[in-house]
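Computation of the quantities below employed the complete heavy-atom set of this structure, encompassing side-chain atoms and omitting hydrogens, waters and symmetry-equivalent molecules. In what follows, chains are A, B, ... by sequence order, proteins preceding strands, each numbered from 1.
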There are 2 protein chains.
Amino acid sequence: MADINVSLTARTGKSEPGAAPRLSPAPEGEPMLDLIELLFFAYRNFVSDPDEILHGFGFGRAHHRVLHFVNRHPGMRVTDLLDILRITKQSLGRVLRELVDQGFIDSRAGASDRRQRLLYLTPKGEALTQEFVAIQSRRLRRALEESGGDARDVVRRFLVAMIDPEDRSPTEKLIARADQAVEARSAARSRPAG
Amino acid sequence: MADINVSLTARTGKSEPGAAPRLSPAPEGEPMLDLIELLFFAYRNFVSDPDEILHGFGFGRAHHRVLHFVNRHPGMRVTDLLDILRITKQSLGRVLRELVDQGFIDSRAGASDRRQRLLYLTPKGEALTQEFVAIQSRRLRRALEESGGDARDVVRRFLVAMIDPEDRSPTEKLIARADQAVEARSAARSRPAG
DNA sequence: ACATTTATGTCAGCCATGTTGACTTTTTTC
DNA sequence: GAAAAAAGTCAACATGGCTGACATAAATGT
């Protein structure tokens, strides 16, 4: 951030030592200004890692999101992706077409319902997605290590609680289902006769 | 999220009960897929609150950021804002002009260096910014309450640790300086003779 | 069988917000 | 008096949102 030199109006130095403990009673509760800003800076860095890699392919943040969720839910429908991302069909269409055209995503017609296009990562897409997961996981792991023993649970609960109440349960279910599928696939790999 | 119906490939139901505890040793450490996704959903909701209000004024996310940091650092220079936001002068110029034109921000020439334009919120800008702080603080407060006793400290440490190491100290100093200025101003208000 | 609905895709155009590059004006500094 | 710094501006472009209108194929309901 190149050490910012904000010349404040209040240059008086230390604030009154025994200053009255908030005479204006902050009717709405304590403002969380530090957390608001930290979340901004942290998130910016968090998404910048994949951004840089993507840029080399001529892709952007939107492509990352698509790759990520297709990786997590192989065989998902286009509609499911629209529901998760909450963007329009047209917006998704653009990035999805690029990803399919350039061989990162495979779009196959559904077996039972042939109107559906089920989305899968190609090996190429899988490799790229692994990079993103790895780099973002590394950042998260390091941050949690610096934050104390049960940080992972606390942070997880905090993030869930930051989500709009009506979205929490669907979101948690979505994550659980993806995790379960990963387990199933890796179990399948360890008994290839399966 | 309207309960997403992802028909997974692995429809076998419950994953092997006594499945081997990860035969592939995850060379890069445990992937933090759940946190990656929770951060995405949480941040999206977090910024959507101000977004909706802004939309009524014909403003967007970029205006929010400018208002927020000018509120935190009254009298800051344009250069300081560019350093914090890390966008180009031209991008900032557009939103700043709109905010000044519509009377949310006051831009005054510096007293000691008259090349500088020092930025202040007008009462109108201050009122709007308070709304954003209030609504985002409320979300944060509620989330912390649901996350256990020392959640605030843990989350704060976590967010700091998520920031690129070279930016941490400047960022923390920035926040500390802003907090200190707030205290100084509110102390000044409680002794108006001052 | 036929009408309707669903899933997907596509064309065209608009908006917000980022970018680069070039250039000007004012003011300070060396 | 030259050089550097702070700010602003014009033009052009990219990304990724959006709306509206429409097309096609396949499933579903009566």
Worksheet item: Is B:Q90 side chain donor-acceptor paired with the C:dG21 base, going by distance under 3.5 Å alone?
Response: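 Check passes, donor-acceptor contact within cut-off.
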Worksheet entry | Side-chain donor/acceptor of A:R94 to base of C:dG9, under 3.5 Å |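 Under the 3.5 Å cut-off, the side chain and the base do not form any donor-acceptor pair.
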If the condition is salt bridge (Lys or Arg N to Asp or Glu O under 4.0 Å), which residues does [X] pass it with, not counting sequence neighbours?
{"X": "B:D153", "result": "none"}
{"X": "A:R138", "result": "B:E28"}
{"X": "A:R168", "result": "B:E146"}
{"X": "A:E98", "result": "none"}

Practice prompt. State whether A:D167 and A:R86 are salt-bridged, where the test is any N-O pair (Lys NZ or Arg NE/NH1/NH2 against Asp/Glu carboxylate O) under 4.0 Å.
Written response: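 Looking at A:D167 and A:R86, the cut-off is met.
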Worksheet item: Would B:D34 and A:R152 pass as an ion pair if we require N to O under 4.0 Å?
Response: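 Between A:R152 and B:D34 there is a salt bridge, with a charged N closer than 4.0 Å to a carboxylate O.
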Return the polar atom pairs (N/O with N/O) between nucleotides 5-8 of chain D and the protein under 3.5 Å, or none.
residue: D:dA5; atom: N3; partner: B:R115; partner atom: NH1; Å: 2.9
residue: D:dA7; atom: OP1; partner: B:V78; partner atom: N; Å: 3.4
residue: D:dA7; atom: OP1; partner: B:R117; partner atom: N; Å: 3.3
residue: D:dA7; atom: OP2; partner: B:T79; partner atom: N; Å: 3.0
residue: D:dA7; atom: OP2; partner: B:T79; partner atom: OG1; Å: 2.1
residue: D:dG8; atom: N7; partner: B:K89; partner atom: NZ; Å: 3.0
residue: D:dG8; atom: O6; partner: B:K89; partner atom: NZ; Å: 2.3

Discussion item. Heavy-atom nearest nucleotide on DNA chain D for A:S112 versus A:V95: which residue maps closer to 5'?
Written reply: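 Per heavy-atom nearest nucleotide, the more 5' residue is A:V95.
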Worksheet item: Between A:S91 and A:A111, which is nearer to the 5' end of DNA chain D once each is assigned its nearest nucleotide?
Response: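 Final value for this comparison: A:S91.
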Just how far, in rounded Å, is [atom2] of [N] from [atom1] of [X]?
{"X": "A:D51", "N": "D:dA14", "atom1": "CG", "atom2": "C1'", "value": "14 Å"}
{"X": "B:E98", "N": "D:dT9", "atom1": "CD", "atom2": "C1'", "value": "15 Å"}
{"X": "A:L85", "N": "D:dC18", "atom1": "CG", "atom2": "P", "value": "10 Å"}
{"X": "A:I87", "N": "D:dC18", "atom1": "CD1", "atom2": "C1'", "value": "11 Å"}
{"X": "A:L81", "N": "C:dG9", "atom1": "CG", "atom2": "C1'", "value": "15 Å"}
{"X": "B:L54", "N": "C:dC15", "atom1": "CG", "atom2": "P", "value": "18 Å"}
{"X": "A:L92", "N": "D:dC18", "atom1": "CG", "atom2": "C1'", "value": "14 Å"}
{"X": "B:D101", "N": "D:dT9", "atom1": "CG", "atom2": "C1'", "value": "14 Å"}

Worksheet entry | DNA chain C-proximal residues of residues 57-67 of chain B, any heavy atom under 4.0 Å |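 Heavy-atom cutoff 4.0 Å gives B:G60, B:R61, B:A62, B:H63, B:R65.
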Worksheet item: With sequence neighbours left out, what residues match A:T88 under side chain to side chain donor-acceptor pair (under 3.5 Å)?
Response: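 In terms of side chain to side chain donor-acceptor pair (under 3.5 Å), with neighbours along the sequence ignored, A:T88 is linked to A:S91.
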Practice prompt. Can you sort out the partners of B:D179 under side chain to side chain donor-acceptor pair (under 3.5 Å), two or more places apart, ordered by chain and number?
Written response: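 Counting only residues at least two positions away or on another chain, B:D179 forms a side chain to side chain donor-acceptor pair (under 3.5 Å) with B:R72.
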Discussion item. Per the side-chain hydrogen bond (donor to acceptor under 3.5 Å, both in side chains) rule, what does the pair list look like for residues 47-60 of chain B, sequence neighbours excluded?
Written reply: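 Only B:D49-B:R139, B:D51-B:R61 qualify under side-chain hydrogen bond (donor to acceptor under 3.5 Å, both in side chains).
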Item to complete: Please check the phosphate of C:dG18 (OP1 and OP2 only) for any side-chain N or O of B:T88 closer than 4.0 Å.
Response: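 No, B:T88 has no side-chain N/O under 4.0 Å of OP1/OP2 on C:dG18.
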